[in-house]
Structures are given as structure tokens and as C-alpha cells.
Amino acid sequence: MSLLAQRNFAGGEISEPLYARTDTNKYATGLRLCRNMLIQKHGGVTNRPGTLFVDEITGAKVRLIPFIVNSENSYILVFTDLSIGIYQDGALVQTLVSPYDEDDLSRIQYVQSADVMTLTHRSYAVREISRSGSPGSYTFAITSMSFTPQTTIPTGMSFSSGPAGANTHTYVFTHIDPITREESLISAELTGTYADPSSTNPIIINIPNHATYREVVVYKKQNGRYGYLATAGVNTTYRDIGSTVYTSDSPPEDKNILVSANNYPGCVGYFQQRLCFANTITEPEKVWMSRSGRFTNFSSSSPVKSDDAISFTAAGRQVNEVRHLVDAGALVMFTSGAEWIAQGSDSSAITPTSINLKQTSYNGSSYLSPLPVNGNVLYMQARGSVIRDLAYEMAADGYRGNDLTVFSTHFFEGYSIVDWAYQQTPNSVVWAVRDDGTVLGLTYIKEHMIFGWHQHDFGGVVENVCSIPNDSEDEVFFIIKRTIDGVEKRYLEKLTTRFSTDETQLIFMDSAMTFTNPSTSATPQTLSGLDHLEGEAVSVFADGFVVANPNNPSYNTVTVTGGEITLSRTYELIHVGLPYNSDIETLDIDTVNGSIMDRKKLVNKVSIYFQKSRGVFVGAEEPTGDDATEGLREIKSRINSSVNSFTGVEDVRFESGWSAGGRFFVRQTDPIPMTILAITPSGLISQVGD
């Protein structure tokens with residue numbers, strides 16, 4: 001008889017405390033094990049793609065940071081000790097000398113606007129990485145950031161004449177940029193002794209020519225303060241005829257902030273066309289925002305103007321340092337003990353006189369940078385390893401969030417997340433690196449209430465992850481520490497695509513290399529350049545056929561020796577890399593109404609709805625020995641009839657016995673695709689008391 005069908009797996013791998021919660025949707029859509037399998041956005045599960053070897057990275061500690069101009073111009077910045085390698089399209093294009101020690105890499109925060117990335121760390125002056133040049137000849141540079149207006153300060157003003165007298169008249173001047181309309185800081189004072197000017201007897205000031213600027217703002221000191229007097233042209237004279245001095249409109253002042261030791265900011269972000277900094281050693285709760293639209297300009301006036309630079313303090317019952325600044329409709333400040341928002345006025349504009357600071361929750365945030373995901377922000381709490389989301393909820397008229405780890409706590413208890421990245425396309429997956437080198441995946445689509453966790457091992461210790469867009473999908477890069485031929489190495493590897501109309505292009509092995517149309521036509525065929533896998537038993541997938549797989553005793557074992565492998569015949573398209581198994585295990589068979597928990601089950605057949613799949617093993621439980629297929633039954637029907645994959649329902653019978661759970665295990669051990677859309681077990685259920 002057919003037992004309960006499972007028609008999607010969107011719940012992901014769930015924790016043991018939920019094994020009896022058949023009343024929850026997570027149980028109906030969850031799995032006991034989901035390893036090296038991705039939860040798709042439609043609810044199916046598919047074996048994860050493999051990784052391509054990109055480069056060996058020298059250094060004990062590494063940090064990956066994306067540099068994204070657009071989908072056609074994306075780079076990976078590989079930070080190591082005092083160095084930054086810049087990679088594009090899998091190749092190193094430039095190396096920069098860096099001020100950052102490897103022990104400080106994990107605390108670097110960054111934000112980017114077009115071709116300029118701003119970097120912060122409390123132990124270093126703020127730096128900018130900028131790209132300049134033209135297509136085909138772009139170059140990168142790293143420089144210290146200036147916190148003053150970019151418009152040049154005027155010089156060369158002088159008196160021409162004025163009425164005789166004994167009064168002191170003091171002026172300062174600023175330039176106005178003709179394009180950005182940014183105003184410079186003030187010039188040196190120009191002071192003269194004259195009588196008070198009039199229309200018939202003015203004070204005349206010479207204003208020199210300038211190659212760039214055409215406007216000069218004239219300010220005059222009155223009662224100890226500078227006020228606006230007039231705007232004049234260049235290469236001319238200005239006539240002060242005793243016009244009103246508007247002290248309510250004063251020139252910008254340089255605050256000289258964030259430029260000295262103990263005053264370097266620890267975090268950075270953008271909000272409402274302002275560059276924002278926070279968290280210095282001396283003022284950990286304080287936030288600074290640039291002038292509107294002027295990212296390097298932190299000047300202000302007295303009295304203040306609406307576009308002046310802003311500073312404020314997120315002060316609560318405790319001193320909680322501001323750890324992150326994120327634009328989520330409001331400026332969200334994640335501190336060590338709470339979450340704050342600054343919304344500004346009713347029109348949602350923050351000004352120096354309208355901050356509107358509110359505390360929304362008391363979870364606190366770790367140093368791991370939050371991830372913006374489709375209007376939500378994911379962050380890790382300061383205490384423990386709980387990951388939450390945060391977003392504005394109209395019904396509550398405030399920012400609220402959920403614990404995204406509550407159904408999969410076994411992944412997080414005793415561990416922490418050290419790095420993560422969001423791959424929006426194709427399946428909306430957050431890749432999270434755990435401190436033990438395991439990678440967790442979270443398929444997250446909040447509007448459909450989908451958040452399912454899955455675990456991944458890459459045959460090494462994963463230390464960092466990064467994602468950048470390309471034309472078709474987001475590319476994910478990892479730093480993986482591997483022990484190769486007895487030596488510890490670090491590799492930059494890129495997750496390959498899982499979708500291609502030509503299945504011979506798909507790669508389901510790690511640290512792989514691809515050989516296209518090898519020049520040799522000899523038999524046997526030798527492939528070289530595999531030094532990064534020296535001494536490793538590798539999988540080989542060539543022209544759509546599995547040629548070697550050390551995890552499957554049906555195939556020969558091929559080992560890299562001297563950076564080479566030898567195949568018994570020639571192929572045109574060959575992938576070579578490290579093997580891995582992709583597994584799922586179902587939960588116990590049970591129902592919400594009329595539980596059958598106390599009854600024995602005998603599952604001896606499974607009907608599986610496959611999509612574009614080949615080579616699958618099924619059994620009652622996971623093998624425990626060295627043979628990855630021991631005790632499993634391979635589906636040997638249409639699914640393996642050719643090199644082409646199969647879509648449809650396949651039945652497989654396997655040996656099993658009576659058990660309390662009736663669960664079963666599915667494995668893909670070969671480097672070929674497997675996608676499962678639904679599973680229906682068949683078998684017997686004992687009577688009560690049997």
C-alpha cells in the first residue's frame with residue numbers, strides 16, 4: 001500500500017526536538033538529513049554543484065570581499081596579510097599593497113558606491129579602494145580617505161581700495177563646484193582697516209581667475225561670527241557697499257573627525273545619499289553622517305542647515321557599540337545589545353534637527369555583517385548563534401523579525417557563523433560558513449514562508465565565502481583549506497552552475513578542472529596541470545560518462561601523480577575533481593490525525609519523482625562502512641538507460657525490515673545530476689500492539 005507522500009522539501013533538515021512534531025508544516029516538508037543537497041525555491045531538492053579550482057592563496061588568514069560595479073564588472077578582492085589580490089573571471093588581474101594585518105581582516109567593514117569602496121576598521125584610518133580607467137585597462141588603487149570637501153579652497157584674494165577709517169573688516173571666501181554645487185571650506189581670512197562701506201564709497205576686493213570654478217561666496221565677520229554677504233564671479237572685483245550680513249547663513253566648518261587614532265570608525269554604510277560611520281574606540285555609540293550627496297564632506301554650518309553633516313548617539317541603558325549600519329527603509333543600527341532605527345521626519349528625511357531615533361528590539365548583533373535579502377536583513381545575534389531576519393511590518397507599524405534557526409538548532413548549538421554571502425539567483429540561498437569549516441545553506445524566500453537549512457561538506461575546511469553577480473546567476477566563491485599530499489593549502493574555488501542545457505558541462509566534483517579538446521589523440525590519454533590535487537583519488541566525468549569515481553566501486557580509481565592522470569581512452573570534454581556524496585534521509589512516517597508512531601512500518605518500495613536525473617541509490621539507511629553504496633539499491637531502469645537524464649517517476653524496491661520509523665535514504669554518489677520533486681513510499685503498517 002502507498003504510505004504518506006512528501007511533495008516538497010522546503011522545510012530543509014530539521015532538528016531532533018521536532019521529530020515528534022507531526023503537527024507542524026516543517027515536519028510535513030522537512031528532512032532528517034539534507035547533505036550536499038540544495039532546497040530549490042520551488043520545494044524540490046537537487047544535488048549541489050561542485051567547485052572549480054581558481055588559484056592557490058598564500059597566507060594563514062584570508063578575507064573575501066566582493067567589488068561589484070554591475071553584473072558585467074564584478075571582482076573578488078582576496079585580502080591576505082598586507083596584500084589584496086583582485087580577481088575577475090577566475091584570473092588574478094592586479095595585486096595591491098594593503099595596510100591590513102591578517103589578524104584584523106575579519107573585522108573590516110565595507111560599503112561601495114560605483115567604482116569606490118570604503119573600508120573601515122577601528123585600528124586603521126578609513127581607506128578607499130577605487131577603480132579607474134576604461135574597459136580593458138582598468139586599474140585599482142587603495143588610498144586613505146579624506147573627510148573634507150573636494151572643492152578647492154580659494155586663494156589670492158586681496159583688497160583693491162576702501163574708505164579711510166579705523167574699523168576692522170574681515171572676510172573669508174569659498175568656491176562652489178559648478179557641477180556638484182559642493183561648497184569648499186573657507187579661505188584664509190582677509191582683514192583690512194577701513195571706514196564702514198557705502199554704495200558711494202565701497203570696499204573693493206580683487207577676486208582672481210580660476211580654471212575650474214566660476215563662483216565665489218563672500219562671507220563677512222559680524223559680532224564674532226561669519227555670515228553670508230554675497231556670491232561673486234571670478235576674475236573680477238567684488239564691491240562691499242555695506243549690504244546686510246546674514247549670520248543665519250554661515251560658511252561650512254571642518255570638524256576634523258574620524259582622522260586620528262582611537263577615532264577611526266569601525267562600521268560604515270550609506271543612507272539617504274549620505275555616507276555614514278559609527279563606533280570609534282572613544283565613542284562607540286556615536287554615528288556620523290556626511291552632507292547629503294557629498295560622501296567625503298562632513299562639514300556643517302552654524303546655525304545648521306538641512307543638508308549639513310549629522311552626528312548623534314544611540315544611547316541606551318548600557319553602552320552598546322554600534323556594530324553595523326544598514327539601509328532597510330530606515331537607517332538600522334545593529335549594536336552589541338539592541339537594534340535601533342533612525343527614520344527622520346514624517347517625510348522620512350534625516351536632518352541634523354530630525355533624527356527620530358527608536359529602539360526596536362533587544363537581541364544585539366555579533367560582528368558578522370548583516371545580509372540584505374529582498375527587503376529583509378538577516379543578522380546573527382550577539383549571544384549564541386541565532387540568526388534572525390528584520391524588516392518593516394505594516395501591521396505592527398515597526399521593524400520585526402523571526403528566529404530562522406529554531407527548527408534546525410543542531411546546526412548552530414556550540415558553533416558560530418564566521419562568514420556568509422547571499423546568492424539570489426537561481427534559488428535564493430544564503431551560504432553560511434561555520435567555525436568548524438562546515439557550510440550551511442539557507443533557502444530563504446520570506447514572501448512564500450520558505451526557509452529551509454541544508455548542510456554541505458567540501459572535503460576541506462571552508463573559511464570564507466563571497467558572492468558576485470554575472471549575466472545569468474550569482475557566482476559563489478569559497479576559500480577552502482585542504483590537506484594535499486600531506487601539506488596544508490588554501491584554494492580559491494568557485495561554485496559552478498547547476499543549470500545547463502548541455503549536461504556534459506555540469507560539474508559535480510570539488511576543486512575541479514576542465515579540459516576541453518585536449519591536444520593529444522593518443523591512447524591512453526594523459527591530462528596534466530592537476531598539481532593542486534597531487535596524491536588525491538579523483539572523479540572523472542568525460543563526454544557525459546562517469547569514467548572514475550573512488551566513492552563508487554563500480555568504477556576504476558584514478559589518482560593524481562606528478563600532477564597528472566591517465567585515462568584509458570581519449571575524450572573531448574573532461575572534468576576532474578574531488579568526489580562527494582549527496583544525500584537525503586526522510587523523517588519517520590506519521591500523521592497528524594491518528595498518529596501511527598506506535599506502529600511498525602515496512603517500507604520496501606519508493607516511488608520517486610525525478611527531474612533531469614541519473615544514477616541514484618536508495619536504501620533503508622545510510623551506509624556506515626567505506627563503501628558509499630553498501631546496502632543501497634541502484635535504480636537500473638530508464639534513469640540510467642543513456643547519458644541523457646530522465647524526468648518522471650521511477651519505482652525502486654530495496655531490502656528492509658520492520659522498523660518504528662519507516663524512513664529511507666537516497667544517495668547520489670556519482671558526479672551526475674539528481675533532482676527529486678516528490679517521494680511516495682510503499683509498504684506495510686502493523687496493527688496496534690504488533
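Relative to the ring axis of Phe79, Arg63 does not place its NZ or CZ within 45° and under 6.0 Å from the centre.
Checking Thr313 against Glu283 by side-chain atom types alone, no donor-acceptor pair falls below 3.5 Å.
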Show me the donor-acceptor pairs, under 3.5 Å and distance only, between side chains in residues 81-93 and residues at least two apart or in other chains.
from	atom 1	to	atom 2	distance (Å)
Asp81	OD1	Glu102	N	3.1
Tyr87	OH	Asp55	OD2	2.6

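Between Phe140 and Phe67, the angle of the ring planes goes over 60°, which puts this pair in the perpendicular group of the 30/60° scheme. Using cut-offs of 30° and 60° for the angle between ring planes, the His121 and Tyr100 rings count as tilted.
Across every non-hydrogen atom of Lys446 and Ala391, the tightest pair is NZ-CB, 4.3 Å. Nearest approach of Asp474 to Gln423, heavy atoms of both residues: O-NE2, 2.9 Å. Here the closest heavy-atom approach between residue Ser184 and residue Pro149 is recorded as CA-CB, 4.3 Å. What you find for Pro197 and His169 is that their closest heavy atoms are CD-CE1, 3.7 Å.
Sequence neighbours left out, the pairs with a member in residues 285-314 that pass ring-ring contact (aromatic ring centres under 6.0 Å, His included) are Phe147-Phe298, Tyr270-Phe295, Phe277-Phe298. Sorted by first and then second residue, the pairs that involve residues 183-236 and meet ring-ring contact (aromatic ring centres under 6.0 Å, His included), not counting sequence neighbours, are Phe159-Tyr194, His175-His210, His175-Tyr213, His210-Tyr213.
Under the side-chain hydrogen bond (donor to acceptor under 3.5 Å, both in side chains) criterion, Gln222 pairs with no residue at all, not counting sequence neighbours. Not counting sequence neighbours, Glu128 has no partner by the side-chain hydrogen bond (donor to acceptor under 3.5 Å, both in side chains) test. In this view, Tyr422 satisfies the ring-ring contact (aromatic ring centres under 6.0 Å, His included) rule with no residue, not counting sequence neighbours.
When the shell of 6.0 Å around CD of Glu56 is examined, it contains more than 12 heavy atoms from other residues, nucleotides or ligands.
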#### Entry: salt bridge (Lys or Arg N to Asp or Glu O under 4.0 Å) assessment of Glu215 paired with Arg181
CA-CA 10 Å; Glu215 293 177 82; Arg181 307 304 298 171; 2.6 Å; yes
